[in-house]
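What follows is one structure encoded as structure tokens, with my remarks underneath.
Naming convention: chains lettered A, B, ... in sequence-line order (proteins, then strands); numbering from 1 in each chain. Bear in mind the structure is a predicted one, so any value in this text is a computation, not a measurement.
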Amino acid sequence: MPELPEVETVVRGLQKVLSGRRVVSVRLGKTDFIDDPVAVEQELPGKTILAVKRFGKFLLFDLESPQQLENGTSLLIHLGMTGQLRTCPAEAPVLPHTHVFLGLNDGRELRYTDIRRFGRFAVLKNGAREVALGGLGLDPLEASEKQFCERLRGRRARMKALLLDQRVFRGIGNIYADESLWRARIHPMKLAAMLSERNLRDLYRAVQKVLTDAIRLRGSSVSDYVDSEGERGGFQQRHRVYQRHGEKCSRCGGTIRRAIVAGRSSHFCPRCQPSPRQQKPAKP
DNA sequence: CTTACGGCCTGGGTGC
DNA sequence: TGCACCCAGGCCGTAA
């Protein structure tokens, strides 16, 4: 599933190939994941892609029309669980479940393929971008240790729920939440308010390390994630807990468990991520 | 206000 | 061979 490191990898790949390219045509398949399909068909042709950026798990294409009548048009894309964005020659064979084809002025195409169609596609003009992204929290890689800890300190929700909440931090999903909590030795059911300052600092460092390592290895390919060139990531081989239930913890030898926390399957080592029930509240 | 939870969308994989 | 079921991320409504 594309989370921050996967989206970052895709964005870097697309930025290299797409910036300065102009969209010359739009072809759509199924459109139930597109906010306003007609707007996509009408707005994109003729627009130049100035830049491709990441905002949390969203991709943002900055677009400019030749006459520059409006400013700040952007294409917003969320890959959901199974979305793939790839460029290829226009004549390349079409993968199943490909629903958006953007023809480019260099004879290539940008294609969006999404088996489940849990993704999102939208053209946003002027202020709509701020509205769509306004509720999202801090980018964990842009946050200072102080900012990061402030966001969590005193919260009475489970740590797993807070890490997954895009209003708290944008970009973290199930894989990197589990991997970060393992690294910081924090149980996913632990309430944030029960964490010591030491715990918070450890978690900050764990998140930084896990996300930057994952970006370096071009993301995790657990199901069908591939980057903009169709290449799989490499970080899945470094996962310590995610989908490793039943295996031995590489740190303490305990048996990794899987449990539903905050409605999501969570993977952790019950031995080095001690259960909250066996733990006393942090001292004031 | 904050948190928890169930349901919904879709279809590939799994297990009977 | 079929088929019910699970599960994923985001979002929304509802309840405490």
For [range], pull every pair meeting ring-ring contact (aromatic ring centres under 6.0 Å, His included), keeping only residues two or more places apart or in separate chains.
range: residues 115-145 of chain A; value: A/Tyr112-A/Phe121
range: residues 194-224 of chain A; value: A/Phe148-A/Tyr204
range: residues 91-110 of chain A; value: none
range: residues 243-263 of chain A; value: A/His245-A/His267

* Asked: Which residues pass the side chain to side chain contact (heavy atoms under 4.5 Å, CB included) test with A/Arg54, sequence neighbours left out?
  -> A/Leu4, A/Val7, A/Glu8, A/Val11, A/Asp139
* Structure fact -> The side chain to side chain contact (heavy atoms under 4.5 Å, CB included) partners of A/Leu191 (sequence neighbours excluded) come to A/Arg158, A/Met194
For [X], check side-chain hydrogen bond (donor to acceptor under 3.5 Å, both in side chains) against everything at least two apart and list the hits.
X: A/Glu247; value: A/Arg244
X: A/Thr255; value: A/Lys248
X: A/Arg185; value: none

* Lys/Arg-Asp/Glu bridge criterion (N-O < 4.0 Å) met for A/Lys160, A/Asp178 -> yes
* **5' to 3' contact window, DNA chain C with chain A (heavy-atom distance under 4.0 Å)** => C/dC7 to C/dG10
* Asked: If you look at every strand shown and take non-hydrogen atoms under 4.0 Å, does A/Ser265 touch a base, only sugar-phosphate, or nothing?
  -> sugar-phosphate
* To do: Look at all strands and tell whether A/Arg258 reaches a base, only sugar-phosphate, or nothing, counting heavy atoms closer than 4.0 Å.
  => sugar-phosphate
* In the 5'-to-3' direction, what one-character label does each nucleotide of nucleotides 3-16 of chain B receive under the scheme B = base within less than 4.0 Å of a protein heavy atom, S = sugar-phosphate only, - = no such atom? -> SSS---BBBS----
* To do: Could you tell me, to 10°, how much the axis swings from one end of the helix from B/dT2-C/dA16 to B/dC16-C/dG2 to the other, five pairs per end?
  => 50°
